[in-house]
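Here is the structure we will look at, set down as structure tokens.
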Amino acid sequence: MAASGDLTTEILQTLSKTSPIQSQEAFPQSSFGELKAALDRLASRSMVTYEQIEKDEFILEAEAEQIVANGSHEARVFEALRQAVEGLSVQDLEKAIGDKSVTKVGQGKAFKEKWISKTSDGKLKASVESIKDVSREQLQTIKDTRTHPEAKVLIDLKKRKLIKQQKVIHFKIQKGEKFALEITKEETDLTADMLQSGAWKSAAFKPYNFKALGADQNAGTLHPLNKVRSEFRQIFFEMGFEEMPTSKFVESGFWNFDALFVPQQHPARDLQDTFYISDPKRADPPRATSPDDKADYKTYWENVRAVHENGKFGSIGYRYPWSEEESLRLVLRTHTTAISTAMLHKLAQKKGPDGRPPPARYFSIDRVFRNETVDATHLAEFHQVEGVIADYGLTLGGLMEFMEIFFNKMGITDLKFKPAYNPYTEPSMEIFSFHKGLNKLVEIGNSGMFRPEMLEAMGLPKDLRVYGWGLSLERPTMIKYGISNIRELLGHKVDLSFIERNPAVRLDKN
Ligand code: PHE
């Protein structure tokens, strides 16, 4: 920084002769930035103090420069006519001046000033001996001093677009407490050498700058969805849940719908609601995917068919011809309940100490797809938080209590439950919470107890009951981060600086 080094010496030398000084007089060539850097350097060592002074300055536009050089339009018209003595026709006047618009504007003004008049034969002539070119004088003053004593003149010339105003910043600089002609080098570290030699006693130490912002770490930032996801995961782990493997987006109709007792005519299976895969179209029938999977898939498949067609396990079924083709169509999973179902089917094969499937708690948080019209609160893909609890002797009251505890951990309290319908749960409940910001109840989840048609078909014992619930990850994230349009959160419209600005940690939990 040689330049600022030179400037600091210059400032110190100038100050040693007079103090205070004005920067625009003492250093007219230096830019604002250079001066400020040099002054800050000196001020941080208390060698100078300075004040920033803002002033309005006026500078001439190109047309005004012309006037200063050649006279105002009206003065030029007058001068041409005065020289002609006999007067001039308008055309000749134009020729004499050599500029049409100057002639036109100047003529008008000169008439107004009564400097010129018309002769009986239609010529123009000067009607006074001499004039005073006030405009030119005013502009000359502004050119020299960058201002004019009369504010009225400044306003008028600005209106006529002859001058423009600009803010300039000057510095008023004074000697500081520790003024000296040279900057002494300040030590930034106390070294072993200084201690040994005793140099520390006389060394000048650079003061700590507690206001320094620190270097930009340029670090990565977590997306709000990721932050809320990790909060949910933490809660699930805390409550003894195991994470389900959800790393596949494509499912067969069997796992996504049929195994869940969703009839093949159900509107959710429409093209308008579900994305179907066109290539390949068809899945393999459910089968073991690992050597230690000893489940009897054939029986399961037949049980599902029976439950749909004629009923089984105490159910009368839907009574329609169940189509294998339909069951094997490939879909983008519409919910992660497809995974819960496969996990429960696996659970049916497990044996606890008493030889029966042991209680289990599963969860997942992953992406699902719905063929929906995209708007401020709907996307065609979103993330689902899903939980399942399997145990003996569970009751609906237990599910409600569990929901209270679970959502409380997210800072969501005062739940309301509303009866609902899912083909795979009975009873089913929608979960609502009062949203203080919106001043209304908002739906936060869907839940229920899985139907015997679904569980017994897998071979799970009759008295094993299963709670299930699901919610979108986006809904609570939008509430927690005050986002009103889902497209600001997910998709191509997401503003990266919004992601960066969000707090790393929220302290709004109970
Ligand atoms: N699958 C339901 C949904 O997508 C959520 C749910 C899961 C409901 C399990 C009940 C039981 O909304």
Side-chain angles (χ1 to χ4, degrees), residues 232 236 239 241-244 246 248-249 251-263 266-270 272-275 331-347 360-372 377-391 394-403 406-407 415-433 442-458 460 464-476 486:
F232 271 119
F236 277 119
M239 299 182 86
F241 283 76
E242 186 187 320
E243 194 161 21
M244 297 188 268
T246 49
K248 55 170 175 182
F249 292 160
E251 285 284 357
S252 63
F254 180 81
W255 289 112
N256 197 79
F257 295 123
D258 294 297
L260 280 150
F261 201 46
V262 180
H266 196 278
R269 298 177 76 147
D270 271 0
Q272 284 87 337
D273 294 284
T274 301
F275 290 112
V331 301
L332 283 183
R333 68 175 177 220
T334 62
H335 50 192
T336 40
T337 319
I339 307 280
S340 301
T341 308
M343 289 297 285
L344 289 170
H345 177 251
K346 281 212 169 74
L347 181 67
R361 294 182 162 207
Y362 301 132
F363 83 95
S364 67
I365 306 174
D366 208 344
R367 199 170 280 222
V368 298
F369 307 84
R370 298 209 183 150
N371 198 353
E372 295 209 58
T377 51
H378 295 90
L379 288 178
E381 48 189 304
F382 63 96
H383 298 86
Q384 196 161 48
V385 179
E386 168 128 355
V388 166
I389 298 180
D391 207 342
L394 295 179
T395 63
L396 187 68
L399 173 58
M400 292 165 81
E401 189 196 14
F402 178 84
M403 287 296 138
F406 176 76
F407 281 106
L415 302 187
K416 294 268 181 290
F417 300 93
K418 187 183 130 189
Y421 173 76
N422 295 309
Y424 39 94
T425 52
E426 183 60 38
S428 312
M429 299 182 305
E430 276 168 2
I431 306 160
F432 288 78
S433 150
V442 291
E443 195 199 324
I444 49 172
N446 177 14
S447 67
M449 295 180 74
F450 286 117
R451 293 180 78 107
E453 285 93 331
M454 174 183 159
L455 302 178
E456 286 179 45
M458 298 173 174
L460 283 167
L464 185 102
R465 300 280 147 77
V466 183
Y467 299 153
W469 69 97
L471 55 132
S472 84
L473 180 62
E474 282 75 3
R475 174 65 60 90
I486 197 163

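Start at 1 and go down the list; that is how both ligands and their atoms are numbered. It should be emphasised that the depicted structure is a prediction, and the values quoted were computed from it without experimental measurement.
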Would you mind writing out a table of all protein N or O atoms found under 3.5 Å from any N or O atom of ligand 1, naming both atoms and giving the distance to 0.1 Å?
| unit_1 | atom_1 | unit_2 | atom_2 | d |
| --- | --- | --- | --- | --- |
| ligand 1 | 1 (N) | His335 | ND1 | 3.1 |
| ligand 1 | 1 (N) | Thr337 | OG1 | 2.8 |
| ligand 1 | 1 (N) | Tyr424 | OH | 2.9 |
| ligand 1 | 4 (O) | Arg370 | NH2 | 2.9 |
| ligand 1 | 4 (O) | Gln384 | NE2 | 2.8 |
| ligand 1 | 12 (O) | Asn446 | ND2 | 3.3 |

May I ask you to check whether Thr334 and Asn256 show a side-chain donor-acceptor distance below 3.5 Å? yes
For Tyr467, ring pair (Phe, Tyr, Trp, His ring centres under 6.0 Å) partners two or more places apart: none
Could you tell me whether the side chain of Arg370 and the main chain of His378 form a donor-acceptor pair under 3.5 Å? no
Any residue meeting ring pair (Phe, Tyr, Trp, His ring centres under 6.0 Å) with His383, in chain and number order, not counting sequence neighbours: none
Partner residues of Phe257 under the ring pair (Phe, Tyr, Trp, His ring centres under 6.0 Å) criterion, sequence neighbours left out: none
From the list Trp469, Phe406, Phe236, ring-ring contact (aromatic ring centres under 6.0 Å, His included) with Phe363 holds only for Phe236
